[in-house]
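Below is one structure, written out as structure tokens; the observations come after it.
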4 protein chains.
Amino acid sequence: MTLPDGMVDDDAELISPATGRPLTKRGEATRRRLLEAAEVVFAEQGYHEASIVKITERAGIGLGTFYLYFDSKQSIFEALVIDLNRRVRHSMSEAMEGATSRLDAERAGFAGFFRFTAEHPALYRVVREAEFVSPEVLRLHYTRIVEGYEAGLRQAQEVGDVDRALDPETTAWALMGMGELIGMRFLLWERDADGRPPAQLDPVVFDGMTRLIDNALAPRTTQPEGPK
Amino acid sequence: MTLPDGMVDDDAELISPATGRPLTKRGEATRRRLLEAAEVVFAEQGYHEASIVKITERAGIGLGTFYLYFDSKQSIFEALVIDLNRRVRHSMSEAMEGATSRLDAERAGFAGFFRFTAEHPALYRVVREAEFVSPEVLRLHYTRIVEGYEAGLRQAQEVGDVDRALDPETTAWALMGMGELIGMRFLLWERDADGRPPAQLDPVVFDGMTRLIDNALAPRTTQPEGPK
Amino acid sequence: MTLPDGMVDDDAELISPATGRPLTKRGEATRRRLLEAAEVVFAEQGYHEASIVKITERAGIGLGTFYLYFDSKQSIFEALVIDLNRRVRHSMSEAMEGATSRLDAERAGFAGFFRFTAEHPALYRVVREAEFVSPEVLRLHYTRIVEGYEAGLRQAQEVGDVDRALDPETTAWALMGMGELIGMRFLLWERDADGRPPAQLDPVVFDGMTRLIDNALAPRTTQPEGPK
Amino acid sequence: MTLPDGMVDDDAELISPATGRPLTKRGEATRRRLLEAAEVVFAEQGYHEASIVKITERAGIGLGTFYLYFDSKQSIFEALVIDLNRRVRHSMSEAMEGATSRLDAERAGFAGFFRFTAEHPALYRVVREAEFVSPEVLRLHYTRIVEGYEAGLRQAQEVGDVDRALDPETTAWALMGMGELIGMRFLLWERDADGRPPAQLDPVVFDGMTRLIDNALAPRTTQPEGPK
DNA sequence: AATGAATGAGAATTCATTCAT
DNA sequence: GATGAATGAATTCTCATTCAT
């Protein structure tokens, strides 16, 4: 499993939607403060409960200033999702660096994903809510993650590490779905007294999932009952 | 995989939130009309775009009447999600009736789920949106589905049809996550010119998923590299 | 000069823009209170300084109620202009009733117009401001007045009371323009200490204007120097 | 009819409202660019739709710079109206030069006024809008025009070219009102496919108006029925 | 049991003006 | 002289909910 980062260009020069001109250094700092505030507010309150006033207040910035940097509530939300996508992919590819086997890489990739989810539980909610706020940007999010996953699977199939009968695209989406629901169920729903999720997945669950995935991907030694 | 219906009692006598008394026959009919209108409106417009007026207008009922049957917008939404949950589970268990093998049952259960999703794409969206409207009711939804799934897995493990090393709860959630994302990606995102999703999943995807699950669940013949 | 009232239908049944249904009696009363409040507020503050809150506060009505009766600030403004148009035409035709000669009718018509302007000075401002708020409705206003005027001129030409060489349409617009500017200058600009305009036009001005119009319309006895 | 230009001093030295000191040559150029931009923007969009940013952007000047030259949006608007007043009066007096008779002068004056209106329809709209933005400056506008008109009428009365029974002030205002409404109706409302008004007034209208005015002003040969 | 007029808190957004650079 | 980021008061409009009929 590889997540070739940089496949997508996230570094385009930032433009003020109000003036159409590139941001000055001061401007970039303000924009960043807004994004950070939005992260907290959207995460804590959800998209519809959040409001631009809440965001600017948290950012310690005048209300009108918001519109120098973002067109609307939706547009800062989208910017935030894209930002989170970049970070979760980074967390995953970082975790996978130095993996020595396919299984190791799998395990590490999921561990990276779960760690990000556990550390930013509320942020993960933001991503999922995007389905109802900005479906296009959610597609982008999932697609970017799957692309890397799928490429890794193909490579592993070539060297015989993964069952060649599996369709890589289907498999990639299926595995991501697994990860999402497991993360939701066993991290986001398992809050302690302070409302914090566990720092990491329960080992029973993590190992159970690892075994499941290992089973699923391993090349078959004997030919099982064929499909249909 | 079994979905023991009736595990949850959906047939409690209906009470008017306004008067606190049970509904008359006429009242029940009005309530039903409201729910049916809500189904269409929430499905077409989503929770936040929907409004009580739109629902009562569609139901051909006075605005004030709404509050004789439901406490709030959220409460009719929740009632609807519970109704949909019942129906999707019914679609799945119906599909599984008469399956002769574990694999067959798996396949049929997923097929039932996908059929429901394809036939009521917007309704399924309602269920997913519940995560942000009423998290408790979404948990209920998932949990009810998983419960049946998990029970089925345990039985299959006992008779040796499923790898005994798998944790049934983890596995059930993982498989449901797979199903969800596959359904989202290959049904909900694949609209034709009229915006209708395909009537059923692309066979490549369906077979790919079946193989993946079959791999994942099958008892191992040889002992693979164990988890760290 | 005749102002055949009823040429335009102002009595169409009133419809709620929110529900699309005809107004109940209670609804009509509320609508009327809003229009009366709007009259005062627009007159005192002008269109842009006026606000929907100011209107509803003055009407002693909840803010949200406004939108049950009017779509927007502009739409109540337009309704008001149409209402004023009806009233100024009524004031004019009433004044002209019982005039025995053409000159008498002229004089009475203008007197009616000036009386209305003097009694509702600020309202007259509303009409003029319509040019910049809703040009279509202003056209309607002027056109409705001119239509009656023009018809009267044609009749008077037929019986030889008015110079047949005059173009009736041009003449009607010209006379209305006269009346407007005279009213503006010698009524609206001539406020007393309390900001009230004079109850009627200075006789010097009124007589001066009467003579001017009488000159202008009278059939010529000798043929003057013809137009180029 | 004469329009003694220069009756009002438009050439006072320009002062920066920010520093209180006279403008440098560079400053005067910037001020001029702002006024030119304001002319276009106010004309195209009207006072309330116009904004300082639009003006400075059009002028190619920084937003903050605006306040070095004008106190406020209203003050640049007023400066513009005064400028337009100068130009429309110039257009009129230029047209009247070389008129040989009173009637000729009348006709030429109105023609000059209509030519300006036809050539700068949007600018003329600016002047009319002044009534609601800055009533004082509109009074100034009208008064300056009327003053010249009235002086001309008095002279003509002295030499017997104009009915001595007419009140010159009333007459001047009445004639200006005529011109305004005729211009509005037959120039500003008569746009072609491109939204351009006709280059000049329809001859039927122009001649009709000329006859009307000629009738109105001509000394009476026989004594008509006197005013009540 | 049914109705729909009334409500007002709350949201997004605009823009003239200020002021530190 | 010139700049443009920052500001926040003010505005329009929505809609879940109440309540008198």
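Below, read A as the first sequence line, B as the second, and so on, with proteins coming before strands; counting in each chain starts at 1. Predicted model only: the values in this text are computed from it and were never measured.
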Q: From the options dT7(E), dA16(E), dT12(F), select the nucleotide whose nearest atom is closest to the side chain of L68(C).
A: dT7(E)
Q) Taking C-beta and beyond as the side chain, do V126(B) and L84(B) meet within less than 4.5 Å on heavy atoms? A) yes
Q) G27(C) near the nucleic acid: base, sugar-phosphate alone, or nothing, with a heavy-atom cut-off under 4.0 Å? A) nothing
Q: Check whether any side-chain heavy atom of Y47(A) lies under 4.5 Å from a side-chain heavy atom of F77(A), and answer yes or no.
A: yes
Q) Does S72(D) put a side-chain nitrogen or oxygen below 4.0 Å from OP1 or OP2 of dA16(E)? A) no
Q. Is the side chain of K73(A) donor-acceptor paired with the backbone N or O of A50(A) at a distance under 3.5 Å, no angle test?
A. yes
Q) Taking CD1 from I76(A) and P from dT13(E), how many angstroms apart are they, rounded to a whole number? A) 12 Å
**Q.** R26(D) vs dA2(F): side-chain N/O to OP1/OP2 distance below 4.0 Å
**A.** yes
Q | d(OH, Y67(C); P, dG4(E)) in whole Å | A | 23 Å
(Q) How many whole angstroms separate atom NZ of K54(D) from atom P of dC15(E)? (A) 6 Å
Q: Kindly say if T65(B) contacts the phosphate of dA1(E), meaning a side-chain N or O under 4.0 Å from OP1 or OP2.
A: no
Q.
Could you tell me how far apart I55(B) (CD1) and dC15(F) (P) are, to the nearest whole angstrom?
A. 12 Å
Q) Of K25(D) and T30(A), whose closest DNA chain F nucleotide lies nearer the 5' terminus? A) K25(D)
Q | Position toward the 5' end of DNA chain E (nearest nucleotide), G60(B) or L63(C) | A | G60(B)
Q. Below 4.5 Å, heavy atoms only, C-beta onward: do Y69(D) and T30(D) meet side chain to side chain?
A. yes
Q) In whole Å, what is the span from the CZ atom of F70(C) to the P atom of dT12(F)? A) 15 Å
Q. Roughly, in whole Å, what's the span from CZ in R33(D) to P in dA2(F)?
A. 9 Å
Q.
Which is more 5' along DNA chain F, the nucleotide nearest E49(B) or the one nearest G62(A)? Just name the residue.
A. G62(A)
Q. Whole Å only: how far is the CD atom of E57(A) from the P atom of dG8(F)?
A. 11 Å
Q.
Could you tell me the Watson-Crick or G-U partner of dT21(F), where both distances fall under 3.5 Å? Say none if there is no partner.
A. dA2(E)
Q) Are any non-hydrogen side-chain atoms of I55(C) and L34(C) less than 4.5 angstrom apart? A) yes
Q) Which residue, F66(A) or I52(D), contacts DNA chain E at a nucleotide closer to its 5' end, judged by nearest heavy atom? A) F66(A)
(Q) Closest approach to the side chain of Y69(D), judged atom by atom: which nucleotide of dG1(F), dT12(F), dA5(E) is it? (A) dG1(F)
Q.
Looking at E28(C) and R32(C), is there a salt bridge between them, counting it only when a charged N and a carboxylate O are closer than 4.0 Å?
A. no
Q) When all nucleic acid strands are considered with a 4.0 Å heavy-atom cut-off, which category describes A29(D): base, sugar-phosphate, or nothing? A) nothing
Q: Could you work out which one of dT12(F), dA12(E), dA6(F) sits closest to the side chain of S51(C)?
A: dT12(F)
Q: Take atom CD of E28(A) and atom P of dA5(F), then tell me their distance rounded to the nearest Å.
A: 12 Å
